[in-house]
Structures are given as C-alpha cells and as structure tokens.
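This is the structure I want to talk about, given as structure tokens.
Atom set for the values below is all heavy atoms of this structure, side chains included, hydrogens, waters and symmetry mates excluded.
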Amino acid sequence: MFYIGVDLGTSAVKLLLMDSGGQVRNIVSKEYPLYFPQPGWAEQNPEDWYEQSVEGIKELLRDVDRAQVAGIGFGGQMHGLVVLDSGGRVIRPAILWNDGRTGEECEYLNKVVGKETLSRYTANIAFTGFTAPKLLWMKKNEPENFARIEKIMLPKDYLAYRLTGVHCTDVSDASGMLLFDVEHRRWSREMCEICGIRQEQLPRCFESFQPVGRVLPQAAAQLGIPESVLVAAGAGDNAAAAVGTGTVGEGQCNISLGTSGTIFISSRKFGVDGHNALHSFAHADGSWHLMGCMLSAASCNKWWMEEIVGTKDYAGQQAAIEKLGENHVFFLPYLMGERSPHNDPLARGAFIGMTMDTTRAQMTQAVLEGVGFALRDSLEVAKSLGIELTRTKICGGGARSPLWRKIMANILNLKVDILESEEGPALGGAMLAAVACGEYGSVEEIAGAVVRVVDTVEPEPELAARYEARYRQFQQIYPACRPLFQLL
C-alpha cells in the first residue's frame with residue numbers, strides 16, 4: 001500500500017509517497033505566493049494551498065497504481081488563522097505564523113490577562129505568531145469579518161476539510177493556538193471566553209495518528225484515488241518532522257533548520273518551562289514535547305546568499321570558510337523578530353564586529369553561527385530545567401550542509417545524527433497515515449522500523465571550547481541591542 005505525506009510549508013507544499021515498508025517512492029513540490037500587505041505582515045490564500053496540493057498529488061501518483069493508495073497524512077505550518085463563513089468559504093487571507101501584527105494583542109494577553117493565567121489555561125504564553133492573538137486582532141480591526149466566522153482552523157486542517165468535509169485538527173497543531181489546554185488535550189473554555197469565540201467554532205481535536213475520515217467522492221475523483229482512502233489528522237510541522245526523524249518517546253531531540261529553526265525535545269511526561277521561553281505542546285506520538293522556535297533559520301542564509309551576495313551557490317560560498325570558532329563577526333538572526341527565548345517581535349537582524357579586513361566568507365560564517373547560537377539559547381533553557389541531552393537528530397534544508405552540521409554540533413556540544421532519509425514533515429505525515437490505517441501499531445513502532453541513522457557528527461573538544469567562549473559573547477549582544485530595536 002501507499003501513503004501520501006503532505007507538508008504544507010510557507011513557500012511550497014511538498015508531497016511525498018511512501019510504501020508500506022517506509023521507502024520513499026516519489027517527491028513533488030509545488031510553490032504558491034506569499035503576501036506581505038504591510039511591513040511585518042504575512043498572508044496566504046488557502047485556495048492556493050489546496051489547488052497546488054491537488055496538482056502535486058496528481059503528479060506524485062502519475063506512475064503508480066493509484067488503487068494502492070491507502071492513506072493521506074499532514075505536516076503543516078503552524079499557528080496560521082484560517083476562518084470560514086457559514087457556507088464554508090474563506091473569509092479573508094490566512095494570517096501566518098510569521099506575521100507580527102499582533103503586538104498589542106499579545107501585550108494585552110501577557111500583561112492584562114497575565115502570563116501565569118495563560119500558562120495555567122494553555123501551558124504557554126502569547127507570542128505574536130499564535131492564533132488567539134490573531135483572533136483578537138481580527139475582532140478589533142475587522143469586526144464585520146469576525147462576526148461572519150463559522151469555522152476556525154489551521155492551515156493543514158483546511159486541506160483535510162476540503163478532502164473530507166470534516167472540521168478537524170490535531171493536538172500538536174492545536175497546542176500552538178493558545179486556545180488549547182495542552183496538559184488535558186482539550187479546548188480551553190476560559191481562552192474561548194477571553195477571545196470572544198464559541199467552542200463550536202473550533203474544530204474537533206484528534207490525536208495526530210487518528211483517522212478523521214475518508215476522502216469525499218468528488219475529491220477522490222479529482223485525485224484519481226479510491227474513496228476508501230483514510231485521512232489522518234496529521235501534525236504541526238515540527239511535530240511531524242519529529243515523527244519523520246524518529247524523535248518520539250522519552251528524551252529524544254531534533255534540530256530543524258528550515259525557514260524557521262527549532263529545537264524539539266520529546267517527553268512522556270507533561271512539563272512547563274516556568275519562564276515560558278520554551279513552548280510546551282502535545283506531541284504527535286500521544287505524549288508531549290518542549291520546543292524552542294526561532295523565526296528565521298535557513299531563511300537567514302537564503303536572504304544572505306540570494307538577496308545580499310546575489311548567488312544560489314551556497315556550497316561555493318561556504319567553501320571559502322576556513323577557521324571555525326575564530327570568527328570575530330557576529331550575526332543576530334532576528335530578521336522576522338524572534339520567538340524563543342526572547343519573545344520580541346521588534347528584534348531585528350544585525351552584524352557586529354566587522355573591521356576593514358572582514359571578508360565575505362566571515363560574514364557568511366557569522367550567519368551560520370548566529371543561527372546556531374540562537375538555537376543554543378533555547379538549549380540553555382532546556383538545561384536549566386534539568387534536561388540532559390548528549391545527541392540530537394537534524395533535519396530541514398539547512399541540514400544538507402556538512403559545514404553547518406559541524407558548526408551546530410560544536411556550538412551545541414551535542415552529537416548530531418544524520419538520517420538516511422531526511423524528508424521532515426512530509427515523511428512524518430505519511431508515517432502518521434500508515435499508523436491511522438493500521439499498517440503499524442504506534443508512532444514509535446513505525447519510527448523504529450523506518451528511521452535509520454547513517455552517520456554522526458561528533459563535537460571536537462577544542463572547537464567546542466572555542467565556540468563556548470564565542471557563545472558567551474553572543475549572549476550579551478541581544479540585551480545590549482534590545483533598547484535600540486524598540487527605538488527603531
């Protein structure tokens with residue numbers, strides 16, 4: 001049998017076809033527009049997601065027996081606000097995870113409602129990207145649209161809705177809405193009241209590996225697949241990527257170097273960071289996880305390479321980097337503001353430490369190192385909670401760079417495991433579909449069968465020590481710049 005994984009990303013949807021044995025048989029990617037109506041805003045048209053997903057699935061299945069397709073599962077960009085009216089029509093463009101318009105709403109939630117109250121209701125505090133602040137923004141700024149809301153959902157769940165007609169989400173994605181009681185895996189009645197919404201407007205919440213329904217006859221005909229195909233709830237992109245890298249069960253870690261960057265730590269026990277610098281979310285395997293998320297990771301390198309240097313030869317630019325741990329140029333990777341651990345939408349990117357003999361290679365190196373240092377900030381919070389890690393897996397586009405993997409291993413001082421198949425959320429979505437269809441008994445079972453480590457990057461004691469000293473310097477830059485960011 002075949003299982004389709006759908007990774008609904010920020011710039012493109014990635015479709016993956018996996019067979020029963022966990023082998024990846026085909027991959028297709030389809031891009032769609034991203035809109036910036038005002039500085040700091042980010043929106044997309046949900047119809048673009050569906051149209052490109054349909055075209056991508058058709059192409060994905062072009063050379064296989066479509067009758068063998070058994071299930072579809074999702075990974076998807078989190079936090080985005082999708083609202084439908086009573087006729088199932090999209091009311092306004094989706095407000096995305098990296099949209100920073102909700103500063104006032106977050107201020108209200110964190111300071112008036114209070115961080116302790118929010119943490120008690122949801123295990124988290126308000127960040128500008130989260131869904132609840134977006135609803136408050138819409139209530140204030142677009143009251144006519146707000147009054148029309150019949151259904152509230154997240155990006156990947158719009159695809160599930162179009163395929164099955166079921167208004168659904170999963171526990172991992174729901175955790176990032178600030179409307180979900182993470183500990184008890186249910187909607188928070190108190191947060192619904194704070195945001196002025198009815199619980200009936202929210203989707204039914206499933207475990208990530210549960211089936212939500214079968215494809216509608218018209219969707220099956222459009223895709224050329226059987227009406228018997230099950231659709232799994234799927235997971236938020238980071239939880240789906242964690243499934244795809246085998247980061248399930250107790251004490252496993254994964255670093256993702258995608259558009260955003262994350263450090264993801266799985267746990268069988270529910271726990272909250274008392275400072276709320278890390279997110280406490282439900283995991284796709286039925287347990288929980290802690291996660292630090294920086295808003296710009298591989299996207300920093302893309303910006304530097306393509307917009308500033310003017311090249312797509314990433315490897316060629318990195319080849320000129322010679323001395324690791326000795327760079328005197330630092331880069332703050334806050335091009336879209338920052339989430340973990342600073343929770344500062346006004347934070348901005350910055351180079352510091354340049355002199356007349358600074359080279360392009362040193363600035364390229366500083367970008368790679370800056371992302372590593374920023375992820376180290378979240379790792380330090382995890383360590384303060386008594387979490388002890390010795391190794392991590394790695395995924396995302398940035399993980400394809402051997403140099404960046406080496407930098408990460410030494411900045412974090414962790415062994416970095418390289419996987420045979422690094423397909424992130426798309427693979428995780430397909431794996432969740434296989435569990436939903438009964439091909440495997442649990443998420444941990446399929447992870448053990450499918451995920452294989454083929455190499456490990458070991459930290460080098462001398463280099464790790466040099467990076468330790470550099471990190472202590474990096475730690476002082478953001479606090480010094482924060483007042484300037486507020487003025488700017």
Notebook entry, point to check: What is the minimum heavy-atom distance between V272 and S280, and which atoms define it?
Noted result: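 So the two residues come closest at CG2-OG, 4.1 Å.
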
Next item on the list: Side-chain contact test, heavy atoms from C-beta onward, threshold under 4.5 Å: evaluate it for C253 versus I265 and give yes or no.
Entry: yes

Checklist line | Lys/Arg-Asp/Glu bridge criterion (N-O < 4.0 Å) met for K156, D173 | finding: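 Counted as a salt bridge, because a side-chain N and a carboxylate O are separated by less than 4.0 Å.
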
Margin query: Less than 4.5 Å apart, side chain to side chain, heavy atoms only: is that true for R204 and V166?
Written below: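 SC-SC contact between R204 and V166 ruled out.
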
Note to self: Going by side chain to side chain contact (heavy atoms under 4.5 Å, CB included), L223 matches just one of V54, L61, V229. Which one?
What the structure shows: V54

Note to self: Could you check whether atom CD of E51 has more than 12 heavy atoms from other residues, nucleotides or ligands sitting under 6.0 Å from it?
What the structure shows: yes

Next item on the list: Could you tell me whether K415 atom NZ has more than 12 heavy atoms of other residues or ligands within 6.0 Å of it?
Entry: no

Notebook entry, point to check: Is R162 paired with E47 through a side-chain N to carboxylate O contact shorter than 4.0 Å?
Noted result: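 Salt bridge present between E47 and R162.
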
Margin query: Check the orientation of F127 and F130. Use parallel for under 30°, tilted for 30 to 60°, and perpendicular for over 60°.
Written below: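 Answer is tilted, since the angle falls between 30° and 60°.
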
Checklist line | Validation row, ring centre F180 to ring centre W187 under 6.0 Å | finding: yes

Check: Can you check whether V90 reaches Y158 side chain to side chain, under 4.5 Å on heavy atoms?
Finding: yes

Note to self: My understanding is that only one of S378, P333, P341, S260 makes a side chain to side chain contact (heavy atoms under 4.5 Å, CB included) with M294; could you say which?
What the structure shows: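 Going through S378, P333, P341, S260 one by one, the side chain to side chain contact (heavy atoms under 4.5 Å, CB included) with M294 is satisfied by P333 alone.
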
Note to self: Can you confirm whether I418 sits close enough to I394 that some side-chain heavy atom of one is under 4.5 Å from a side-chain heavy atom of the other?
What the structure shows: yes

Next item on the list: Check whether any side-chain heavy atom of V24 lies under 4.5 Å from a side-chain heavy atom of L427, and answer yes or no.
Entry: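 Answer yes - side chains close enough.
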
Notebook entry, point to check: Is R148 salt-bridged to E142, cutoff N-O under 4.0 Å?
Noted result: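 A salt bridge is absent here (no side-chain N lies under 4.0 Å from a carboxylate O).
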
Next item on the list: Test I72 against every option in L432, L230, I4 by the side chain to side chain contact (heavy atoms under 4.5 Å, CB included) rule and name the one that passes.
Entry: I4

Margin query: Can you confirm whether T169 sits close enough to M153 that some side-chain heavy atom of one is under 4.5 Å from a side-chain heavy atom of the other?
Written below: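 No, their side chains stay 4.5 Å or more apart.
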
Note to self: Is there a side-chain contact between P203 and Y161 in this structure, where contact means two heavy atoms from C-beta onward sitting under 4.5 Å apart?
What the structure shows: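 P203 does not reach Y161 side chain to side chain.
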
Check: Do you know the tightest heavy-atom contact between A240 and G75?
Finding: CB-CA, 3.7 Å

Note to self: With heavy-atom distances below 4.5 Å as the criterion, would you say the side chains of H279 and C293 are in contact?
What the structure shows: yes

